[in-house]
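These notes are about the structure you will find just below.
Computed over heavy atoms, backbone and side chain alike; hydrogens, waters and symmetry mates excluded.
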Amino acid sequence: MTQRGGGRGTRPWTNKVISEDVPPGRRAFAAALQRLARHLRTQSAAGNKAAHRPPTQKEAAERLKISESSLSRYLCGRYVPDFSIVKALHKQASTDAGGPGLVGITRGELTEMHERAEAERRCRRCASLSKMADLASVEADSLRRQLEEAESNRAGLQERLAALTRATPRPVPLQRRDRPRMSRDMAAARQVAQQAHDLRTRSDDGEGLALFLLRQATVEVLSPAEAALTLASLRELDQHQLADNLIHVYGRDQPDQDVLNIALTLHELGLPDDAGAILRAALK
């Protein structure tokens, strides 16, 4: 069986195939990130014979404090990372290689490549949005109607959330919730996640509409526990970018108590990485 980190003497995760439909600026940037990643070495105690071996993709992602799936998407050009991640990769590669002059690319060159890649992403998105403006308007109206209907069908939710925030420092653990309530929470979460999935996969421009739906639903309609279940459902649907964006928005915009509640629920759902990520987002 082929391992994700590669066999001995090889590092296939740093030699990813970049799709032909990736624009040239993003393609060049992804290739530069792959070259940087090839300079990474493991960090272990002195005298350990395994020291200085190439890391697995999982080990590299842990050093950069990002998910393994996000690192993979950055290296194959599917997404452009935040420049803070690029700086961290360059710094660690330079350290492992013995100096910044040994990695083949300067911080300034990376900055220029990152700017070109971001510009391509924005231009492509703007061009698509201009073609789909009418559809976006219709979809937005439809989403608003769906949210209004959801709010009317969930009368009293805001009062329940307010009571939870005032009186309960922790949400009821999953294993102690009554089965009918748990079923309702899961059904609502799966419905929202599926709607977001359908919007996202419809076209490249569906991502903005899907994120609009998720933000409105999880911030204004769903409880922290239901929001956690929605995030878990997105992971099950392989909508990892939407899940990552939801983590950032929720952690940034929600009260500290709600963030703590959703983090606890995510941990109970077996998603400790997401729990930690949403706490970090709240601290930024």
Side-chain angles (χ1 to χ4, degrees), residues 1-19 22 26-107 109-110 113-114 117 231-232 234-248 263 266-267 269-281:
M1 180 180 295
T2 302
Q3 296 182 357
R4 188 175 298 176
R8 184 174 182 179
T10 62
R11 299 185 298 279
W13 69 269
T14 63
N15 292 277
K16 296 187 183 299
V17 175
I18 303 175
S19 176
V22 174
R26 282 168 56 184
R27 173 182 291 272
F29 184 60
L33 295 181
Q34 290 188 26
R35 291 195 298 272
L36 277 177
R38 293 177 196 133
H39 290 283
L40 295 176
R41 293 294 181 271
T42 56
Q43 299 174 326
S44 54
N48 189 331
K49 293 182 179 180
H52 306 302
R53 65 170 173 80
T56 64
Q57 182 171 268
K58 180 179 180 180
E59 290 170 336
E62 289 174 350
R63 287 184 64 184
L64 295 171
K65 294 180 174 58
I66 59 177
S67 69
E68 186 177 356
S69 59
S70 293
L71 176 58
S72 179
R73 291 193 291 267
Y74 298 151
L75 295 181
C76 66
R78 289 180 59 193
Y79 296 99
V80 180
D82 185 84
F83 194 67
S84 62
I85 298 173
V86 180
K87 289 192 295 184
L89 175 59
H90 185 268
K91 180 179 179 180
Q92 294 186 20
S94 299
T95 299
D96 293 351
L102 300 177
V103 295
I105 188 168
T106 66
R107 179 78 65 82
E109 290 170 336
L110 276 176
M113 296 180 74
H114 183 266
L231 202 153
L234 289 172
R235 295 294 188 200
E236 292 177 357
L237 293 169
D238 290 328
Q239 290 295 334
H240 298 296
Q241 185 66 27
L242 281 178
D244 292 342
N245 287 339
L246 176 57
I247 286 172
H248 174 74
L266 287 170
H267 193 275
L269 290 170
L271 297 172
D273 290 345
D274 287 342
I278 206 164
L279 292 174
R280 289 192 295 272

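Residues satisfying the side-chain hydrogen bond (donor to acceptor under 3.5 Å, both in side chains) test with His240, not counting sequence neighbours, are Arg235. With sequence neighbours excluded, the residues that form a side chain to side chain contact (heavy atoms under 4.5 Å, CB included) with Ala277 are Ile247, Arg280. In this view, His114 and Phe29, Phe83 satisfy the ring-ring contact (aromatic ring centres under 6.0 Å, His included) rule, not counting sequence neighbours. In this structure, the side chain to side chain contact (heavy atoms under 4.5 Å, CB included) partners of Pro272, at least two apart in sequence or on a different chain, are His267. With sequence neighbours left out, Tyr74 forms a ring-ring contact (aromatic ring centres under 6.0 Å, His included) with no residue at all. Every residue meeting the side chain to side chain contact (heavy atoms under 4.5 Å, CB included) condition with Ala263, not counting sequence neighbours, appears here in chain and number order: Ala275, Ile278, Leu279. With sequence neighbours left out, Ser19 forms a side-chain hydrogen bond (donor to acceptor under 3.5 Å, both in side chains) with Asp21. By the salt bridge (charged side-chain N to carboxylate O under 4.0 Å, His left out) test, Arg27 is found to be paired with no residue, residues two or more places apart in sequence or in another chain being considered. Scored by the salt bridge (charged side-chain N to carboxylate O under 4.0 Å, His left out) test, Glu59 finds Arg53 as partners (sequence neighbours excluded). With sequence neighbours excluded, the residues forming a side-chain hydrogen bond (donor to acceptor under 3.5 Å, both in side chains) with Asp82 are Ser84, listed by chain and number. For the side-chain hydrogen bond (donor to acceptor under 3.5 Å, both in side chains) test, residues two or more places apart in sequence or in another chain that qualify with Ser70 are Ser67, Arg73, Asp244. Under the rule for a side chain to side chain contact (heavy atoms under 4.5 Å, CB included), the partners of Gln34 that lie at least two apart in sequence or sit in another chain are Lys16, Ile18, Arg38, Leu75.
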